[in-house]
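Remarks on the structure that follows.
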Amino acid sequence: MPDPKLVFPKPAAIPEKGANASLESKSIPETIAEKRFRNLLEAAPDAILEVDSSGRIMLANESAEKIFGYTREELYSLTVEDLVPAAMRSGHSRHRDSYVSSPQVRPMGSGLDLQAQRKDGSLIPVEISLSPNRVDEGLRVIAVVRDISARKQIEQRLRAIQEQFNAELATKNELLEARNRDVEQANRLKSEFLASMSHELRTPLHTIIGFTELMAEEVEGTLNDKQKRFLGHVLQDSRHLLQLINEILDISKIEAGKLELNVGTFDFATCLDEVMAGIHQQAAAKQIHLENKTTFRDPVYADRLRIKEILYNLLSNAVKFTPNGGSVWVESRTLDHGLEISVCDTGMGIAESDQESIFDKFYQVGSTTKGTREGTGLGLPITKKLVELHGGKIHVASKPGQGSRFTFTLPLLGPPSL
């Protein structure tokens, strides 16, 4: 079969150069334009085929030879169906006829994984674009075929890496879930152990405190000064130990979700007065001026015992970390969202870097307390949890050497109406 000739449009006219050039122009010779376009065709990295309406290959470039493994002469003796995988050849002619009946520029098989068959029978992944080309002989179809084997290999490697990553991630997630379950179980067992031990410790401790108080009352006989002093130490340390045990029991119940509030309506001012009276002796021992500046006199709906615990924790801390001769006071004000109570002092203050951490369990500020490290570091975490259980929030404003202000809110909500 003779090598078909390319039919190219006549090139544009180019005017002659020079001052005396005529307005008429001379055309570039046809053979030069043909050579130029043939070079472009051969330089294309994709296979370019021109096919007639019956499917015969009328034109092919050098890349077509490389991609399909045929010589140029062999390609001219084939139809386009010979380049289609054998399993799909029977239906390809219908697709070709459909395109001839409505030719337009479009990608072939958009969204599909297309393959072409080489001379040796191997299949390669391809992308195909179709364009109609009308010539004197009739409609021709130009097919641009791109070998995407390298891209597919990269995609497969990436997919394999992704699958491996997903598998490893799933394994790690399973291990993490198992570890989380172990941690949850350990926390539950720890909380149960602490709760059990707290109960076991409190029973004999109450006995010690009770008998020590009886002995201090000298019901069974007079005590000398040394005996009174010894009993005072026993009573003081026993009460301190009981407070620590109660804190551990509280935090254990909170972590286990077993701490329930016994809410009801009570007079807040009376509750605060009781706490202030209980803290008065501790403040007097350090010549600290203790003052109640609250103006709120209405009842609140909350757990009275837990509100007293919140106030006691904040006031005892204020007294503990305020130097001799300082001041501690309580303020309150009513807001739209509830009651705001502030416990203030002129004490050591807290560095900004520690202000979030002080509400963490067992955390105790070191640099600003000058070695004062009494207790378990559970008072503020318990206070924060109790405030949150009431639906409120707590925060601190403080500067080292200028004192602290602990402020918490309580919603002013009564019992639900029946």
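This structure is a prediction, so every number in the text was calculated from the model and none was measured.
- Between E331 and R405, at least one side-chain nitrogen of the basic residue sits less than 4.0 Å from a carboxylate oxygen of the acidic one, meeting the salt-bridge criterion.
- A salt bridge between D46 and R146 is present, with a side-chain N of the basic residue lying under 4.0 Å from a carboxylate O of the acidic one.
- No salt bridge links D147 with K66; every basic N to acidic carboxylate O contact stays at or beyond 4.0 Å.
- Within the 3.5 Å criterion, the main-chain N or O of S398 finds no donor-acceptor partner in the side chain of S404.
- Taking a cutoff of 4.0 Å between a charged side-chain nitrogen and a carboxylate oxygen, E81 and R96 qualify as a salt bridge.
- The number of heavy atoms from other shown groups lying within 6.0 Å of NZ (K293) is above 12.
- In this structure, the side chain of T322 does not engage the main chain of V319 through any donor-acceptor pair within 3.5 Å.
- For the pair L386/T383, no side-chain contact is recorded, criterion being any heavy-atom separation below 4.5 Å from C-beta on.
- A donor-acceptor pair under 3.5 Å is formed between the side chain of S77 and the backbone N or O of E74.
- Salt-bridge check for R181 with E184: failed, with every basic side-chain N at 4.0 Å or more from each acidic carboxylate O.
- One finds a salt bridge joining E388 and K384 here, because a Lys/Arg side-chain nitrogen approaches an Asp/Glu carboxylate oxygen to under 4.0 Å.
- Other residues, nucleotides and ligands place more than 12 heavy atoms under 6.0 Å from the NE2 atom of H395.
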